[in-house]
Amino acid sequence: MDRFEGRCWLDWWANTSIMFGPVEVAVVITATDAGWDAHGHLVSDSDDDRDGFAFLCDFDPVFTLRFDDASTVAVTVHPFQDHRQFTLTECAGPVHRSVEHYLDLT
């Protein structure tokens with residue numbers, strides 16, 4: 001397979017049991033000499049969906065890209081400024097990792 005073009009889902013896992021999303025996306029993945037190249041966009045035009053996706057990307061850009069056949073690959077999302085379009089790279093580190101986030105309530 002030299003090219004895949006279709007709809008997939010980006011799943012953002014808080015831990016092994018809790019998933020936020022999923023975000024439905026349209027992606028184009030092409031084979032390259034170095035591996036693969038991927039880019040895509042959100043299927044939804046909703047500002048709420050975009051804002052939720054932007055929040056998750058800013059918090060931690062590692063998602064699981066899930067295909068129709070339930071196969072998955074861990075990816076890092078590199079969103080464009082509008083957070084509706086993005087490029088993907090294969091996640092080089094662990095998918096499950098510790099993330100700390102604090103809210104200042106004062």
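Numbers here simply count residues along the sequence, with the first being 1.
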Can you get from Phe80 to Leu42 by hopping between Ile, Leu, Val, Met, Phe, Trp and Tyr side chains that sit under 4.5 Å apart? no
Pairwise side-chain contact, Val23 with Trp9, heavy-atom cut-off 4.5 Å (strictly under): no
Cys8 and Phe4 have their tightest heavy-atom pair at SG-CE2, 3.7 Å
Query - Any side-chain heavy-atom pair of Leu88 and His78 under 4.5 Å - result: no
Is the shortest heavy-atom distance from the side chain of Leu65 to the side chain of Val77 under 4.5 Å?
-> no
Rounded to the nearest 0.5 angstrom, the OG1-CG distance for Thr32 and Asp2 is 10.5 Å
Residues Asp11 and Thr64: side-chain donor-acceptor under 3.5 angstrom: no
Across all chains, not counting sequence neighbours, the ring pair (Phe, Tyr, Trp, His ring centres under 6.0 Å) partners of Phe20 are Trp12
_Side chains of Arg7 and Asp68, heavy atoms from C-beta outward: is any pair under 4.5 Å?_
no
Heavy-atom nearest pair, Val43 first then Val25, reads CG2-C, 3.6 Å
Taking every heavy atom of Leu10 against every heavy atom of Phe86, the minimum-distance pair comes out as CD1-CZ, 4.1 Å
Asp47/Arg84 salt bridge by N-O under 4.0 Å criterion: yes
In short, Cys91 meets Thr76 closest at the heavy-atom pair CA-OG1, 3.8 Å
In this structure, CZ of Phe55 is separated from CZ of Arg50 (nearest 0.5 Å) by 15.0 Å
By salt bridge (charged side-chain N to carboxylate O under 4.0 Å, His left out), Asp82 pairs with (sequence neighbours left out) none
Closest non-hydrogen atoms of Phe63 and Asp60, given as atom of the first, atom of the second and distance, are CE1-O, 4.1 Å
Original post:
Any chance the side chains of Ser71 and Asp69 put a donor and an acceptor closer than 3.5 Å?
Top reply: yes
Rounded to the nearest 0.5 angstrom, the CZ-OG1 distance for Arg3 and Thr30 is 7.0 Å
